[in-house]
Q: 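The structure that follows is given in the form of structure tokens.
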Amino acid sequence: NYDSNKVKILCLLNEKRGGHSTGIWNGEYIIKSVESADNFVCTNSNDFNGDILMGHTRFATHGEKTVENAHPFKIKNIIGTHNGIIYNFDDKRAKYKQKYEVDSQIIFYLLNKNIKMLEHLEGYWGIAWYDFKTPDYYYLSNNNGELSYAIENGVLYYSSDSQHLQAVTNADIIEVDHNTILKINIHTLKIEIITMKFKEYTYKIKCEKDWANGVWGENYDKADGIWGADTTHKGTCEVCGQEAWLNDVEGCWLCTHCET
């Protein structure tokens, strides 16, 4: 069994990545709440037990801050958690006639079909999931996000922040490579690496280093680690209807020609 105190510490540390809700799956049942991680750990301390524990702290990007929209999600045979954003969530939701509020839900819907369906998604992520159709395995995947793991005393611990793992273990920290899925045998911890071809997604943002001066940067990929305001993206101009890079002009998305 895992060290429940280590997992509780990981839960508390990950709150800095999102404090809108907290949830766990302990191999038997899911508990989710819109309370902070520290309150959640105190309230549900006895539920951090068993052979498997999947945990998540959420920063809401799609969907309201409700218990229903908290992670982990169970969709058919899949239980999973996700950090990141799926940019073509609306397109996929419409294509498959689903009414999900949270972009993460479309991931686990598609994983019920085939793991290769992840290659149809645009965005960045660190994902953990369990598939009841393959009960001996646990899965981790990274696409231009952050996801690391460490193995100590026969237990695999993972986190979306490698520094959090360093706080709870002296074992080597291993980053999950981009464009991969790790298929982990939960009994032996033998790891099979599945190579994927995830879509790259690039869009314009304000360069972080020029933020104070309001200077526009170039095209940046979030994989480059340059973060700013999502004030420019590619889409359909609300005036001329042309596909182009758009700017937010007083709440309207306009191409360069129409904004002038």
Q: Find out whether Glu15 and Ser36 are in side-chain contact, i.e. whether some heavy atom of one side chain is under 4.5 Å from a heavy atom of the other.
A: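 In short, these two side chains touch, coming nearer than 4.5 Å.
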Q: Quick one: does Ser148's side chain get under 4.5 Å of Leu165's, heavy atoms only?
A: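 Result yes, sub-4.5 Å side-chain heavy-atom pair found.
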Q: Do Asp47 and Tyr29 have a side chain donor and acceptor closer than 3.5 Å?
A: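 Indeed, the side chains of Asp47 and Tyr29 share at least one donor-acceptor pair under 3.5 Å.
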Q: So, do Ile107 and Ile127 sit near enough that their side-chain heavy atoms are less than 4.5 Å apart?
A: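 Ile107 reaches Ile127 side chain to side chain.
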Q: In terms of ring plane angle, is the pair Tyr138 and Tyr130 parallel, tilted or perpendicular, where the classes change at 30° and 60°?
A: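 The rings of Tyr138 and Tyr130 sit tilted, inter-plane angle from 30° to 60°.
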Q: Side-chain contact test, heavy atoms from C-beta onward, threshold under 4.5 Å: evaluate it for Asn5 versus Phe48 and give yes or no.
A: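 The answer is no, as the side chains (C-beta and beyond) never meet within the 4.5 Å cut-off.
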Q: Are Glu68 and Lys32 within salt-bridge range, i.e. N to O under 4.0 Å?
A: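 Salt bridge flag = no for Lys32 with Glu68.
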Q: Between Phe132 and Trp25, what is the ring plane arrangement, given parallel below 30°, perpendicular above 60°, and tilted in between?
A: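 Phe132 and Trp25: perpendicular rings.
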Q: Applying side-chain contact (heavy atoms from CB on, under 4.5 Å) between Phe108 and each of Ile79, Ile78, Asp131, report the one that passes.
A: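 Testing Phe108 for a side-chain contact (heavy atoms from CB on, under 4.5 Å) against Ile79, Ile78, Asp131 leaves exactly one candidate, Ile78.
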Q: Quick one: closest heavy-atom pair of Ser33 and Val67, and the distance?
A: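 Closest pair (atom of Ser33, atom of Val67, distance): CA-CG2, 4.3 Å.
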Q: For residues Ile115 and Ile181, determine if any side-chain heavy atom of one lies less than 4.5 Å from a side-chain heavy atom of the other.
A: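 A side-chain contact under 4.5 Å exists here.
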Q: Can you confirm whether Gln105 sits close enough to His82 that some side-chain heavy atom of one is under 4.5 Å from a side-chain heavy atom of the other?
A: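 Side-chain contact under 4.5 Å: no.
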Q: Taking the side chain as every heavy atom from C-beta outward, state whether Met196 and Thr180 have any pair of such atoms under 4.5 Å apart.
A: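 No. Closest side-chain heavy atoms not under 4.5 Å.
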Q: Tell me whether Ile30 is reachable from Val102 by hopping between hydrophobic residues (I, L, V, M, F, W, Y) whose side-chain heavy atoms are closer than 4.5 Å.
A: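 The answer is no; the residues belong to distinct hydrophobic clusters.
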Q: Within a strict 4.5 Å, meaning less than it, do heavy atoms of the Tyr137 and Ile186 side chains meet?
A: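 Counting from C-beta outward, Tyr137 and Ile186 never come under 4.5 Å.
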Q: Under the ring-ring contact (aromatic ring centres under 6.0 Å, His included) test against Tyr109, which residue among Phe73, Phe89, Tyr96 passes?
A: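 Filter result, single survivor: Tyr96.
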